[in-house]
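All values below were derived from every heavy atom in this structure, side-chain atoms included, with hydrogens, water molecules and symmetry-related copies excluded. Along the sequence shown, residues are numbered consecutively beginning with 1. On a predicted model such as this, the values are computed, not experimentally measured, just so you know.
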Amino acid sequence: MSRIGKKAVPIPSGVTATRSGSELSVKGPKGTLTMPLSEHISYDLQSDAIGVTPANDTKRARAFWGMQRTLVQNLVTGVTEGFSKKLLITGVGYRAAAQGRNLKLQLGYSHDVNIDVPEGIEVKTPDATTIEISGSDKQKVGQLAAEIRRWRKPEPYKGKGIKYAGEFIFRKEGKKK
């Protein structure tokens with residue numbers, strides 16, 4: 001039994017949720033987000049909350065219950081507050097620069113790395129070693145942050161690379177003479 005699934009997702013003022021066919025659409029001040037509905041879950045739309053319950057008593061329906069409630073919560077949070085990730089770049093000569101819908105990274109390769117920023121995502125570089133990614137869709141924000149980090153993962157000896165803010169990199173001791 002899902003503890004998270006039992007709670008209804010509250011809908012704040014200024015946010016509207018509608019169900020059309022097999023899709024849930026949530027509209028708020030930061031835009032509109034949609035998600036496909038699962039046939040294993042029944043959704044109860046009210047004026048102030050969205051309830052999520054399993055449609056039947058199968059193991060698959062119970063497994064989807066908490067996840068679907070969290071996905072609905074992410075839609076509501078995305079259109080009200082939005083999501084953000086912060087990446088830190090460590091290393092001599094490593095830097096980033098946002099240029100419109102493009103992010104230019106210099107990571108010690110013989111060429112610059114250019115990353116196209118998807119629609120609905122905003123990338124800022126307050127300084128040369130910090131990247132701030134923000135948007136209303138949690139999955140897109142996290143995916144872009146992971147793709148940027150994948151270009152130069154932090155290494156354990158000097159700590160050079162791209163890491164999430166607050167991430168701890170386990171440091172190793174180098175060779176002993």
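For residues 96-111, the pairs satisfying salt bridge (Lys or Arg N to Asp or Glu O under 4.0 Å) are Lys104-Asp112, with sequence neighbours left out. Annotation: ring pair (Phe, Tyr, Trp, His ring centres under 6.0 Å) contacts involving residues 6-47, sequence neighbours excluded, comprise His40-Phe64. The stretch residues 144-164 participates, sequence neighbours left out, in these salt bridge (Lys or Arg N to Asp or Glu O under 4.0 Å) pairs: Arg149-Glu167.
Smallest separation of non-hydrogen atoms from Thr58 and Asn56: OG1-OD1, 2.9 Å. Closest of all the heavy-atom pairs between Pro10 and Val76 is O-CG1, 3.8 Å.
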Per-pair distances, 0.1 Å, donor-acceptor, side chain in residues 115-126, under 3.5 Å, sequence neighbours excluded:
from   : atom 1 : to    : atom 2 : distance (Å)
Thr125 : OG1    : Ala98 : N      : 3.3

Please set out all donor-acceptor pairs under 3.5 angstrom arising from side-chain atoms of residues 20-31, sequence neighbours excluded.
none

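A 4.5 Å side-chain heavy-atom check between Asn74 and Leu33 finds every atom pair outside the cut-off.
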Fill in: Working for side chain to side chain contact (heavy atoms under 4.5 Å, CB included), residues Trp65 and Lys6
CA-CA 9 Å; Trp65 187 10; Lys6 289 180 187 178; 4.1 Å; yes

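Using a 4.5 Å cut-off between side-chain heavy atoms of Ile, Leu, Val, Met, Phe, Trp and Tyr, with links allowed through other members, Met35 and Met67 fall into the same hydrophobic cluster. Taking hydrophobic clusters as Ile, Leu, Val, Met, Phe, Trp and Tyr residues chained together by side-chain heavy-atom distances below 4.5 Å, Val79 shares a cluster with Leu37.
Summarising the geometry, atom OG1 belonging to Thr70 is positioned 10.0 Å from atom NZ belonging to Lys7; distances are rounded to the nearest 0.5 Å.
Arg69 pairs with exactly one of Ile50, Thr53, Ile4 by the side-chain contact (heavy atoms from CB on, under 4.5 Å) rule, that one being Ile4.
Annotation for Gln46: atom CD counts as buried by contact number, over 12 foreign heavy atoms lying within 6.0 Å.
Both tests pass for Lys85 against the ring of Tyr164: distance under 6.0 Å to the centre and angle within 45° of the axis.
For Phe170, the ring-ring contact (aromatic ring centres under 6.0 Å, His included) criterion is met by no residue, not counting sequence neighbours.
Side-chain contact check for Thr130 and Asp127: at least one donor-acceptor pair (N or O, by modelled atom type) lies under 3.5 Å.
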